[in-house]
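Structure record follows, encoded as C-alpha cells.
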Number of protein chains: 4
Amino acid sequence: MLNRVILIGRLTRDPELRYTPAGVAVTQFTLAVDRPFVSSQSKEREADFIPVVTWRQLAETCANYLRKGRLTAVEGRIQVRSYDNNEGRKVYVTEIIADNVRFLESSNSGNREEGSYSGGSGNGYSGGGNSNSGRNTRDQQQDPFLDDGKPIDISDDDLPF
Amino acid sequence: MLNRVILIGRLTRDPELRYTPAGVAVTQFTLAVDRPFVSSQSKEREADFIPVVTWRQLAETCANYLRKGRLTAVEGRIQVRSYDNNEGRKVYVTEIIADNVRFLESSNSGNREEGSYSGGSGNGYSGGGNSNSGRNTRDQQQDPFLDDGKPIDISDDDLPF
Amino acid sequence: MLNRVILIGRLTRDPELRYTPAGVAVTQFTLAVDRPFVSSQSKEREADFIPVVTWRQLAETCANYLRKGRLTAVEGRIQVRSYDNNEGRKVYVTEIIADNVRFLESSNSGNREEGSYSGGSGNGYSGGGNSNSGRNTRDQQQDPFLDDGKPIDISDDDLPF
Amino acid sequence: MLNRVILIGRLTRDPELRYTPAGVAVTQFTLAVDRPFVSSQSKEREADFIPVVTWRQLAETCANYLRKGRLTAVEGRIQVRSYDNNEGRKVYVTEIIADNVRFLESSNSGNREEGSYSGGSGNGYSGGGNSNSGRNTRDQQQDPFLDDGKPIDISDDDLPF
DNA sequence: TTTT
DNA sequence: TTTT
C-alpha cells in the first residue's frame, strides 16, 4: 500500500550502467549507510550496505555523475525479487528502486554547488551498447547484476514503470 | 548516515515472539506491501514481502495485538545482516528494524478505534520463556528466525538499542 | 533538495474540490494527526491539524472517496506560500502537496477492502464547474482556499507539476 | 497517528539557541529547500523556507556545529502551534520538531568527514543563560522565536519529550 | 474552526 | 512460504 525509503550514505564503488534487451537503461550501485549506534564490544559491523537500482533517465544521470565514495541521498521503495541459484535454492534479493537521487558532493572537492536529479516522466533511452567493462569479480550466483558484457536478462514486462 | 523506511501493508502470518538468551523480547513478522503498478502480462507478482523485526516493549505489544491479515503501518530502518548457510555460502538477510508500529485495524471488525504503539525508551522485559510453538518447517540455514523451541542465538551485544 | 512527508490521520471535514480558471482540479482537506505523547497537565492539545492539497486526477479521486473522519495516509512534500491579508500583513501558509493518498478505511464500515490511489502522470481534468457549495464562513484574507462559488484565483503557472 | 518528515536543505542563517525558564535548550533555524521543478515564467519562488526546532542535547549540538549556508538533513515531525497576535488574530505556526539532524558539510570546505548527531534519550542541559544576541530585526508578531534577550516564554509542560 |  |  505504501512503501517509502530515504537513505543517505556513500557509494561503495562506481555505479554500473547496463541496458535491458529492449534498450532501457538501468544503473545499480550500493550505498554504505552508517548505523546510528556503536555496536558495543564487537565493533565489526557499523554500516549497512544497501543495493540501489535506478531506471531510464535517472539511471544515465547516476552513471554519469556518481562515483565511489560520494555522499548521496536516495529516495525510493523497497523491492524484493528472487531467483533460483545453481543449487536450485531460491535466493531473495532486496533492493531500493530509486525515483529520486541527490548528489550531496560534486566532483570538485569544494562542494557548494551540489547537483540534484530526480526521476519521473523522463524516458531518456540514449542508445544501446554497454558502457560498462571489466568488473566480473563477483559470483554470478550471488549477484544477478554481474556484468558479463551482454545486455542483462530482464524482460521489459518486468520494468516497474 | 540516514536510513528511514515507512511501510503500510498486511501481515502474512501471526507475529512470532522470541527471547534472546538474556531475555530480551524480539518479534518478527512479514508485511505484504502491494506494489503501486500492475505488472503488465505476467500478473503474478504484485506485492513485496518485507520482513520486520521489533525489540523489547514494542515486540511484546506487536505480539499481543497484531494478527495475520491486519493492515499495519511500520516505521524503522533497513538492516542487512548475513550468515553462512550449510553450503558455506554467505546469505544476506534484509529486514526492517521497526521503532514505531501503528495498528490500522483492530480486532473488532468495525475499526474505528485503532490502536497505536511506538517504541523508544521502554525496556519492557516481561519474563523469559518462549511463547511460540510448532512452526518448524523452515530450513534453519535459510532463516535464523526459525522457531526451534529454544531461545534464539543472538548475543546481546548485537542488540541495536 | 529533498522534501518528503508521510502522515496518517483523520479528515476533520469532507474534502473541498475546486477548479483553477484553466480547469485544473484541486482538492483541499485537513488531517488531524494525533501526537505520540500525552501533554502532561494541560491535556488540551493532542493532535496537529495539517492542511493537505492534491491536484488533477488525485484531487478528483480524493473528493470522490474521502470523507470526514476517515483514516488516511498521505505522502507528499511541504510547501510554504504567503499572501498579504487585508491589514497588509504577510501571512504564511504551510501545506502538504500530496502525490500519494491511501484510503485506509472504506465507506462500508467493515474495512477489509480499502482503496488506494496515487498521483503521478495522470492529468484527468474531468470538466469545469464547481461541485462545491455553501461553506463561505471563513475570512477570505485568512484563507485563499475559501469557497466563493467561483473558480479559485491561481495562475496555472503556479501549478507544481 | 504517524507524522514523519525528512528534509535536505541549507540554513538561511546561523541557528538560534535559547533556553526555557526551566533551562531546557531549544534551537531554531530555517532550512531553504529547493523545489524539484522550475516554476515556468514567474521564476520568483523556487525554494521553501521551513522552520526547524530542536530540543535539549540536539539543540546544543546544532547550535555548536551548524552555520548559515550549510547543507543539512533533518528528520522529525510536523507540529502546528498557534498564538494570538496583537490584533487579536490567531496566527498559526508550522514547524518541524527534529529528532535527527545530519551535518552534510563540515566547517573545513573539503567535506569528506561530515558529522552526524541524533536526538533521543540525551538530556544534556548544560547551564542556563542565553548565548544569543543582537538579531532583533524581525517583527515580533511574525515570529514568536524573536530573540529579545530573555528566556522564552514556554512552559515546561509544553515540552514535547 | 477541527478527527476517532 | 505469503496479505486483502
Using only heavy-atom distances, decide whether a donor-acceptor pair under 3.5 angstrom links the side-chain of Arg13(B) to the base of dT3(F). no
Nucleotide dT4(E), atom P - distance to CG of Leu7(C) in whole Å: 18 Å
Between CG of Leu11(B) and C1' of dT1(F) the distance, given in whole Å, is 15 Å
Within this structure, what is the CZ-to-P distance between Phe29(C) and dT3(E), rounded to whole angstrom? 16 Å
NZ/NE/NH1/NH2 to OD/OE distance under 4.0 Å, Asp84(A) and Arg89(A): no
How many angstroms lie between CG in Leu2(A) and CG in Asp34(B), if you round to the nearest 0.5 Å? 11.5 Å
Between C1' of dT1(F) and CZ of Arg10(B), the distance in whole Å: 19 Å
Any chance you could measure Glu95(B), atom CD, to Arg81(B), atom CZ, to the nearest 0.5 Å? 4.0 Å
Find the distance Ile50(B):CD1 to dT3(F):C1' and express it as a whole number of Å. 12 Å
Give the rounded distance in Å between these two atoms: CZ of Arg81(A) and P of dT2(F). 19 Å
Nearest-Å distance for atom pair CZ/P, residues Arg67(C) and dT2(E): 22 Å
Rounded distance (Å) that lies between atom C1' of dT2(E) and atom OH of Tyr92(D): 9 Å
Any side-chain N or O of Lys68(B) less than 4.0 Å from the OP1 or OP2 oxygen of dT2(F)? no
Lys/Arg-Asp/Glu bridge criterion (N-O < 4.0 Å) met for Asp99(C), Arg56(C): no
Are dT2(F) and Phe49(B) stacked, with the base six-membered ring and the side-chain ring centres under 5.5 Å apart and planes under 30°? yes
